[in-house]
Q: 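Dumping the structure here so I can ask a few things about it.
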Amino acid sequence: LLYHTWADLDLVTHLEHATQDRTTSDTALQVLDIGAGTGTLSMQVLRRVPARNLTLLDQSPQMLQQAKDKPQLAESTFALADAHQLPFDDERFDRVVSSGVIYYFPDPVGALREQLRVTKRGGVVLAMGALQPKPAFVRFFATLFNRFPTEEQYISWFTEAGFSDVRTKYISNPWNS
């Protein structure tokens with residue numbers, strides 16, 4: 001479980017650091033990007049995993065179409081589905097990643113249970129999300145457009161979903177410096 005800001009979106013580096021696992025360059029890894037949207041973060045995954053091993057999932061056909069239009073993602077798999085009911089077999093993926101979506105799920109615990117279900121034993125689920133900005137002025141405007149669970153809420157969601165090794169890492173956040 002990682003937290004990020006919009007200014008720091010190097011997903012692959014954070015995945016390596018979070019897992020202390022340098023096998024992310026393994027071309028056999030199967031990766032699922034939950035809430036992939038236009039594929040912006042999926043493009044970073046391509047630095048370590050071939051497009052044919054990457055599945056992008058989103059509930060918006062318009063967003064997925066924008067991802068499909070990126071030539072680099074042409075060999076990827078695209079799934080139009082709800083994160084609460086993943087259309088995949090148990091233990092299908094080595095890594096499940098998401099950024100900036102967990103706090104928008106109506107049932108974050110249910111969505112995380114689904115992510116855990118489709119992750120292979122020994123695999124990793126990486127969810128990046130923002131914490132509330134500390135400066136009052138920035139917090140006022142940021143909260144008009146975004147939700148900000150507490151660190152405790154993030155951890156409790158993972159724990160309730162059945163995760164046994166929940167780790168957090170703070171990533172650069174210029175407005176909280």
Side-chain angles (χ1 to χ4, degrees), residues 1-21 23-24 29-49 53-60 63-64 67 76 79 81-88 90-133 142 145-173 176:
L1 169 65
L2 295 182
Y3 307 121
H4 78 96
T5 68
W6 298 114
D8 188 0
L9 298 175
D10 188 353
L11 179 64
V12 174
T13 300
H14 299 316
L15 180 60
E16 284 182 350
H17 288 249
T19 63
Q20 298 176 353
D21 180 357
T23 63
T24 53
L29 288 179
Q30 294 294 317
V31 179
L32 171 62
D33 183 355
I34 301 276
T38 63
T40 301
L41 292 174
S42 300
M43 297 291 289
Q44 292 185 38
V45 174
L46 295 181
R47 294 178 14 210
R48 303 287 178 158
V49 176
N53 293 15
L54 176 61
T55 300
L56 292 78
L57 180 134
D58 204 281
Q59 65 180 8
S60 167
M63 298 291 265
L64 274 183
S76 297
D82 186 324
H84 296 84
Q85 297 176 336
L86 298 176
F88 308 111
D90 294 356
E91 297 190 30
R92 164 78 175 76
F93 298 96
D94 300 287
R95 305 287 187 267
V96 175
V97 299
S98 67
S99 180
V101 297
I102 188 171
Y103 37 84
Y104 290 115
F105 296 144
D107 177 13
V109 173
L112 287 168
R113 281 189 186 121
E114 275 293 278
Q115 292 176 42
L116 183 59
R117 179 185 66 77
V118 302
T119 303
K120 292 178 183 176
R121 187 173 301 275
V124 175
V125 173
L126 170 68
M128 297 193 305
L131 291 174
Q132 191 174 76
F145 305 103
N146 207 346
R147 297 181 194 172
F148 293 99
T150 65
E151 181 176 359
E152 292 76 20
Q153 285 174 306
Y154 281 113
I155 292 170
S156 72
W157 292 342
F158 275 81
T159 303
E160 284 182 55
F163 288 81
S164 59
D165 183 12
V166 179
R167 302 178 203 174
T168 62
K169 177 180 173 133
Y170 290 91
I171 300 169
S172 70
N173 186 333
N176 275 339

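Only this structure's heavy atoms are used, side chains among them; waters, hydrogens and symmetry mates stay out.
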Q: Does anything in residues 97-114 form a salt bridge (charged side-chain N to carboxylate O under 4.0 Å, His left out)? List the pairs, not counting sequence neighbours.
A: Glu114-Arg117
Q: Between CG of Asp82 and CD1 of Ile34, what distance do you get to the nearest 0.5 Å?
A: 10.0 Å
Q: Which heavy atom in Leu64 sits nearest to a heavy atom in Leu56, and how many Å separate them?
A: CD2-O, 4.0 Å
Q: Could you tell me which residues satisfy side chain to side chain contact (heavy atoms under 4.5 Å, CB included) with Leu116, sequence neighbours excluded, listed by chain and number?
A: Phe163
Q: Starting at CE of Met43, measure out to OG1 of Thr38 and round the result to the nearest 0.5 Å.
A: 9.5 Å
Q: Supply the atom-to-atom distance Asn53 CG to Leu46 CG, rounded to the nearest 0.5 angstrom.
A: 10.0 Å
Q: Could you tell me which residues satisfy side chain to side chain contact (heavy atoms under 4.5 Å, CB included) with Ser156, sequence neighbours excluded, listed by chain and number?
A: Glu160
Q: Under 4.5 Å between any side-chain heavy atoms of Pro87 and Leu57, yes or no?
A: yes
Q: Is the shortest heavy-atom distance from the side chain of Phe158 to the side chain of Ile102 under 4.5 Å?
A: yes
Q: Would you find a donor on one side and an acceptor on the other, under 3.5 Å apart, between the side chain of Ser60 and the backbone of Met63?
A: yes
Q: Provide the closest heavy-atom pair for Ala36 versus Asp58 in the form atom of the first, atom of the second, distance.
A: N-OD2, 3.4 Å
Q: Kindly indicate whether the side chain of Val96, heavy atoms from C-beta on, has any atom under 4.5 Å from the side chain of Phe88.
A: no
Q: Considering non-hydrogen atoms only, spot the tightest contact between Pro108 and Phe105 and give its length.
A: CD-O, 3.4 Å
Q: Compare every heavy atom of Tyr103 with every heavy atom of Gly129, then report the nearest pair and how far apart it is.
A: CA-CE2, 3.6 Å
Q: To the closest 0.5 Å, what do you measure between OG1 (Thr168) and CD (Glu152)?
A: 10.0 Å
Q: CZ/Arg48 to CG/Leu29 distance, rounded to the nearest 0.5 angstrom?
A: 11.0 Å
Q: Not counting sequence neighbours, which residues clear side chain to side chain contact (heavy atoms under 4.5 Å, CB included) with Pro106? List them please.
A: His84
Q: Going by heavy atoms in the side chains, are Arg167 and Asp165 under 4.5 Å from each other?
A: yes
Q: For a quick test of your reading: what N or O donor-acceptor pairs under 3.5 Å do the side chains of residues 118-126 make, sequence neighbours left out?
A:
| unit_1 | atom_1 | unit_2 | atom_2 | d |
| --- | --- | --- | --- | --- |
| Thr119 | OG1 | Gln115 | O | 2.6 |

Q: Determine yes or no for a side-chain-to-main-chain donor-acceptor pair under 3.5 angstrom, with Gln153 supplying the side chain and Thr150 the backbone.
A: yes
